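Down below is the structure, laid out as structure tokens.
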Amino acid sequence: MEQQQLDDIMLKAETLIEALPYIRDFNGKKVVVKYGGSAMLDEKLQESVIKDVALLKLVGMQPIIVHGGGKEISKWLGYMGKESQFVEGLRVTDADTMEVAEMVLSKVNKHLVQMMEKLGVKAAGISGKDGGTMICRRKTVKGQDIGFVGEVESVDPGLIDTLIGNDFVPIIAPIGMDKNYQAYNINADDAASAIAKSIHAEKLAFMTDIEGVCMDPEDPDTLISVLPVKEAKYLIKDGTIGGGMIPKIRNCIEAVEQGVGRVHILDGRQQHCLLLEFYTKKGIGTAIIGDQVDLYPHEKNQA
């Protein structure tokens with residue numbers, strides 16, 4: 001065997017050994033992955049994400065996927081000659097748009113199930129309507145009615161726990177119902193956060209189109225690897241975190257304060273970002289943690 005081949009094999013072996021303590025510590029722990037953004041549009045990235053989640057499952061974690069599909073919804077509305085409208089990032093959802101959203105999200109959901117099953121991992125696709133998993137109310141933005149957009153009031157994790165207990169990976173579309181059984185479209189970040197809180201997930205991972213939280217948004221070299229809640233609140237207050245990142249970071253803070261172990265903001269455009277963040281010493285995104293949470297050994301040099 002040539003030396004280069006041997007070196008490549010040894011590097012792979014070292015990577016596996018590096019992952020060992022994380023595999024041990026996360027065994028049996030629940031992790032919620034919010035899947036959306038550009039990672040849903042590129043076929044190679046889709047395969048990468050599903051393979052990552054399948055591997056999490058096969059090494060002993062209990063993953064749950066909550067997916068979006070906003071760009072696909074906009075595409076189908078365009079086919080109908082209907083222009084998408086947004087208020088502070090939320091889609092204005094009339095009855096016709098709600099019908100399209102539910103149709104498209106169901107299509108996306110079953111495609112992800114198909115990809116997971118192809119890898120030999122059992123998956124079950126549901127929406128928040130199934131089993132009364134997500135009960136919501138109509139959401140308004142600064143008093144403005146934006147239609148059938150839901151704000152999660154409560155999560156019943158019974159069906160999710162049943163699926164996990166029977167060795168399935170739950171794949172959840174962010175559609176819920178109110179107490180009168182009216183369907184609502186729920187922002188996927190909000191849905192993932194609510195589900196993670198309800199099951200006391202060890203990890204909640206948001207797959208985004210940015211590297212993570214940076215001190216300078218224009219400079220990826222200023223990435224913050226570990227961000228305690230107290231510091232995150234300060235960065236919002238002093239303007240370092242601004243614009244569309246504010247609601248995402250507030251979602252992360254609320255999740256941590258309500259029992260989620262830690263929240264990761266990852267660049268979904270990076271292949272295998274979940275594995276790189278969860279199972280390597282360096283990590284590639286931002287982990288938001290409680291102020292009293294013990295750091296992982298590799299994080300002590302990054303905080």
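Atoms considered below: every heavy atom in the structure, side chains included; atoms not considered: hydrogens, waters and symmetry mates. Keep in mind it's a predicted model, so treat the numbers as computed, not measured. Numbering of residues begins at 1 and proceeds along the displayed sequence.
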A quick test of your reading: do over 12 heavy atoms of other residues, nucleotides or ligands sit less than 6.0 Å from NZ of K118? no
Taking the side chain as every heavy atom from C-beta outward, state whether M115 and Q46 have any pair of such atoms under 4.5 Å apart. yes
Please tell me if the side chains of I195 and M134 come closer than 4.5 Å, counting only heavy atoms from C-beta onward. yes
Mind running salt bridge (Lys or Arg N to Asp or Glu O under 4.0 Å) on K248 and D189 for me, showing each step along the way? CA-CA 7 Å; K248 188 176 292 290; D189 283 2; 2.6 Å; yes
Could you check D190 against S193 for side chain to side chain donor-acceptor pair (under 3.5 Å), going step by step and ending with a plain yes or no? CA-CA 5 Å; D190 293 346; S193 182; over 6 Å; no
Please work out which of the three classes, parallel, tilted or perpendicular, describes the rings of Y279 and F26, given edges at 30° and 60°. tilted
Got a sec: does the CD of E257 have more than 12 other heavy atoms crowding it under 6.0 Å? yes
If only atom types and distance count, is the side chain of N109 paired as donor or acceptor with the main-chain N or O of I171 below 3.5 Å? yes
Can you confirm whether E83 sits close enough to L77 that some side-chain heavy atom of one is under 4.5 Å from a side-chain heavy atom of the other? no
Passes side chain to side chain contact (heavy atoms under 4.5 Å, CB included), M98 versus N185? Steps please. CA-CA 7 Å; M98 184 67 229; N185 187 18; 4.0 Å; yes
For a quick test of reading the model, state the closest non-hydrogen atom pair linking V229 to G290 and the distance between them. CG2-CA, 4.3 Å
Using side-chain heavy atoms (C-beta onward) and a distance below 4.5 Å, is I64 in contact with I199? yes
In terms of heavy-atom contacts, does CD of Q85 have more than 12 from other residues, nucleotides or ligands at under 6.0 Å? no
When you compare the side chain of H67 with that of L105, does any pair of heavy atoms fall below 4.5 Å? yes
Surrounding CE of M215 (heavy atoms of other residues, nucleotides or ligands, distance under 6.0 Å), is the total greater than 12? no
Distance-only, no hydrogens or angles: does the Q258 side chain make a donor-acceptor pair with backbone N or O of K197 under 3.5 Å? no
Measure from the side-chain N and O atoms of R269 to the backbone N and O of D209, and report whether any donor-acceptor pair falls under 3.5 Å. yes
Looking at every non-hydrogen atom in both residues, tell me the closest pair between I288 and C252 and how far apart they are. CD1-CB, 3.6 Å
Sole residue of I175, I160, D156 in side-chain contact (heavy atoms from CB on, under 4.5 Å) with T133: I160
Quick one: are T97 and K82 in side-chain contact, heavy atoms under 4.5 Å? yes
OH of Y234: more than 12 outside heavy atoms within 6.0 angstrom? no
Flag, side chain of T208 to backbone of L266, donor-acceptor distance under 3.5 Å: yes
Answer yes or no: are there more than 12 heavy-atom neighbours, outside K122 itself, under 6.0 Å from its atom NZ? yes
Taking the side chain as every heavy atom from C-beta outward, state whether M177 and Y184 have any atom pair closer than 4.5 Å. no
Looking at every heavy atom in both M207 and C273, which two are closest together, and how far apart are they? CE-SG, 3.4 Å
If you apply the rule salt bridge (Lys or Arg N to Asp or Glu O under 4.0 Å), what do you find for E47 with K44, and how did you get there? CA-CA 5 Å; E47 291 178 0; K44 287 185 179 179; over 6 Å; no
Taking C-beta and beyond as the side chain, do K57 and M116 meet within less than 4.5 Å on heavy atoms? no
Check whether any side-chain N or O of R262 sits under 3.5 Å from a backbone N or O of L204 as a donor-acceptor pair, and report yes or no. no
